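All values reported here derive from a predicted model rather than from experimental measurement.
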Number of protein chains: 2
Amino acid sequence: MEHHESHPGHAPLEVLVGRVPIFSQLDDVELKDIAGRVKLRHHRRNEQLYGAGESNPHLMIIHSGHVKVYRISESGHEQLIRVLGEGDFLGDTSFISGAPADHFASTLDAADICTLHHDDLRDYLLRFPTVTYKMLETLSNRLENTERQVSIFAGEGAEHRIAGYLLELAGEQRTSKEQDTTTVVLPIAKKDVASFLGLTPETLSRKFTQFESAGWIRMQPRRTVEIINVPALQQL
Amino acid sequence: MEHHESHPGHAPLEVLVGRVPIFSQLDDVELKDIAGRVKLRHHRRNEQLYGAGESNPHLMIIHSGHVKVYRISESGHEQLIRVLGEGDFLGDTSFISGAPADHFASTLDAADICTLHHDDLRDYLLRFPTVTYKMLETLSNRLENTERQVSIFAGEGAEHRIAGYLLELAGEQRTSKEQDTTTVVLPIAKKDVASFLGLTPETLSRKFTQFESAGWIRMQPRRTVEIINVPALQQL
DNA sequence: CGTAATATTGAGCCTCTTCAAGCGCCGTGG
DNA sequence: CCACGGCGCTTGAAGAGGCTCAATATTACG
């Protein structure tokens, strides 16, 4: 977390930009070019980046911290779409469609976020095909995940969704596999997990205690879940 | 529909390719190039193009007819993902990820489908940035739709989903707006509509009769639905 | 450290599913 | 062309799973 830079306060921007996956294949000159057009801003926790109806003409690239993207249906129901971390970007759909956003974006914790104006982005996409291709890759993966999510929402019950979510987390957070029991940390509040899974917080809570009394998991403080019986969760 | 070509049986392939959205911005020479690598095949009704687990290294572009993409969950539940028509393509996700498909694709009616090998596609994406960009646009739109679908599945009940689906169809099939009552034609069997909406055929059937006795719609033969009271459906 | 947001637990309800049976439509083969 | 068979569609009754509403307990942030 400590930083000792030549120009304090202003980090080496082209290095940051180079760490972003979609720009990862550019050379130093090109990175410097992009870095010149990018604005880095700090945001505090629970700050709304944009809301439905607004159209902000920027691609936002997360350098540190986390952002949640969610939607509020006409009936007032809040649905968490996804959580973004370092290297992820948002604002791409409004770039393509030109329409104002139909969703909300807020920081989950203090975050540093780069913004690149849509006009500049268009420029780079035309000049650097690898950027376009990288972006295509990213969207394709997101699409695959979202389509899978639709199937799960349509077909599977609450237990299956929760188990799948825990196992997915376990796969991402694979640390040292010495331990027989895996422990995962929920990246968001339980109520947000529930929203993400299309459930009410009550149902999620009940299923967790049910899993626990079945001996499959153990709830621990600070959003930590110890998974004891992986196979049991898998075959839900 | 009539065609008078120099080589009968083999339609003007570069013209067909040019009509595909992602290739629409290429010039004649480039189109001819692509046309030379593309294979046009006819498929009969209810033919499976590929299944889960298979990896066919081709981008498939629909020239005529319709294709359904669906998934079968571990519990045997069949979930219809989307229906493709003229100009749409599939096989893009396996192109990006390199992984075998996790879903099925079958023709709904007799269809003419072009196939382009992944190696060739990669070639064109590098040579013609506009193609990459067009593809990016397409995926972005699909992603937006799918994310909206997730919200609906998570938050809204059966009636809302069905009403939304009917109104969406009405928007697409907007013919002559002289009539006060709109009539839409379901593009697929009711059981497939149910699958698409994440419902059982029974529930769909019941809701339809319920809508009908409320005076909002009128069911007609041949998958035709006459929408009498649009506002009523909108405010579900 | 105090307060507000989050999490848990309980009871009742409501929607959708499941299982089962009957009907109707359409395409096939005689 | 008609008869048959199958699949899709409808309708009914029973059941389960998740939601709502409400009260309490706990956590986490300022």
Side-chain angles (χ1 to χ4, degrees), chain A residues 44-47 65-66 68 70 73 75-80 106-110 152-163 165 185-213 217-225 236, chain B residues 44-46 68 70 73 75-80 106 108-110 152-163 165 185-213 217-225 236:
Chain A
R44 49 185 72 253
R45 183 186 151 87
N46 280 335
E47 192 173 322
H66 296 269
K68 72 170 176 179
Y70 59 101
S73 73
S75 45
H77 178 79
E78 175 174 332
Q79 166 68 19
L80 181 59
S106 302
T107 54
L108 284 169
D109 40 33
I152 293 171
F153 272 49
E156 315 295 344
E159 298 176 2
H160 194 272
R161 298 185 207 179
I162 297 169
Y165 180 73
V185 177
L186 304 179
I188 45 180
K190 287 206 182 100
K191 79 174 173 65
D192 288 326
V193 174
S195 167
F196 182 68
L197 297 176
L199 303 170
T200 57
E202 292 94 327
T203 301
L204 181 66
S205 179
R206 278 186 254 270
K207 292 300 178 187
F208 269 151
T209 60
Q210 182 182 319
F211 283 6
E212 189 162 18
S213 48
I217 65 172
R218 186 168 326 194
M219 299 301 297
Q220 287 171 3
R222 283 222 145 266
R223 289 177 185 171
T224 302
V225 183
L236 276 181
Chain B
R44 49 186 72 248
R45 182 185 150 91
N46 281 334
K68 72 170 177 180
Y70 58 102
S73 74
S75 45
H77 177 78
E78 175 175 332
Q79 166 68 18
L80 181 59
S106 303
L108 285 168
D109 41 33
I152 292 172
F153 271 51
E156 316 294 346
E159 299 176 0
H160 194 273
R161 298 186 207 178
I162 298 169
Y165 180 73
V185 177
L186 304 180
I188 46 181
K190 287 202 183 114
K191 78 176 173 66
D192 288 326
V193 174
S195 167
F196 183 68
L197 296 176
L199 304 170
T200 58
E202 292 94 326
T203 302
L204 182 65
S205 178
R206 279 187 253 270
K207 292 300 179 189
F208 269 150
T209 62
Q210 182 182 321
F211 284 5
E212 189 162 16
S213 48
I217 65 172
R218 186 168 323 192
M219 299 300 295
Q220 286 171 3
R222 283 228 143 262
R223 289 175 184 172
T224 303
V225 182
L236 274 181

So if I define the base as every atom that isn't primed, P, OP1 or OP2, how would nucleotides 19-30 of chain D read as a B/S/- string at a heavy-atom cutoff under 4.0 Å? SBBB-----SS-
Please confirm whether the backbone N or O of A/H66 pairs with a side-chain atom of A/D109, one donor and one acceptor, at under 3.5 Å? yes
Rounding to a whole Å, what distance do you find between B/I162:CD1 and C/dT15:P? 14 Å
Taking 4.0 angstrom as the limit, do B/R161 and B/E156 come out as a salt bridge? no
Whichever of A/D192 and B/G157 has its nearest DNA chain C nucleotide further upstream toward 5': A/D192
Expected output: side-chain B/S213 to main-chain B/T209 donor-acceptor under 3.5 Å: yes
Given 3.5 Å as the limit, does a donor-acceptor pair link the side chain of A/T107 with the main chain of A/N46, or not? yes
Specify the closest pair of heavy atoms between A/L186 and A/Y165, including all atoms of both residues, with the distance to one decimal. CD2-CE2, 4.2 Å
For D/dG17, does either OP1 or OP2 sit under 4.0 Å from a side-chain N or O belonging to A/K207? no
Round to a whole Å and report the spacing from CG of A/L186 to C1' of C/dT6. 13 Å
How long is the line joining NZ of A/K190 and C1' of C/dT9, in whole Å? 14 Å
Find the distance A/M219:CE to C/dT6:C1' and express it as a whole number of Å. 13 Å
Donor-acceptor contact below 3.5 Å, side chain A/Q79 vs main chain A/S73: no
In whole Å, I'd like the distance from the NE2 atom of A/H160 to the P atom of D/dG18. 13 Å
Integer-rounded Å distance: D/dG18 P and A/E159 CD: 7 Å
Could you tell me the separation between the NZ atom of A/K191 and the C1' atom of C/dA4, rounded to a whole number of Å? 13 Å
What is the distance from CD of A/E212 to C1' of C/dT8, rounded to the nearest Å? 12 Å
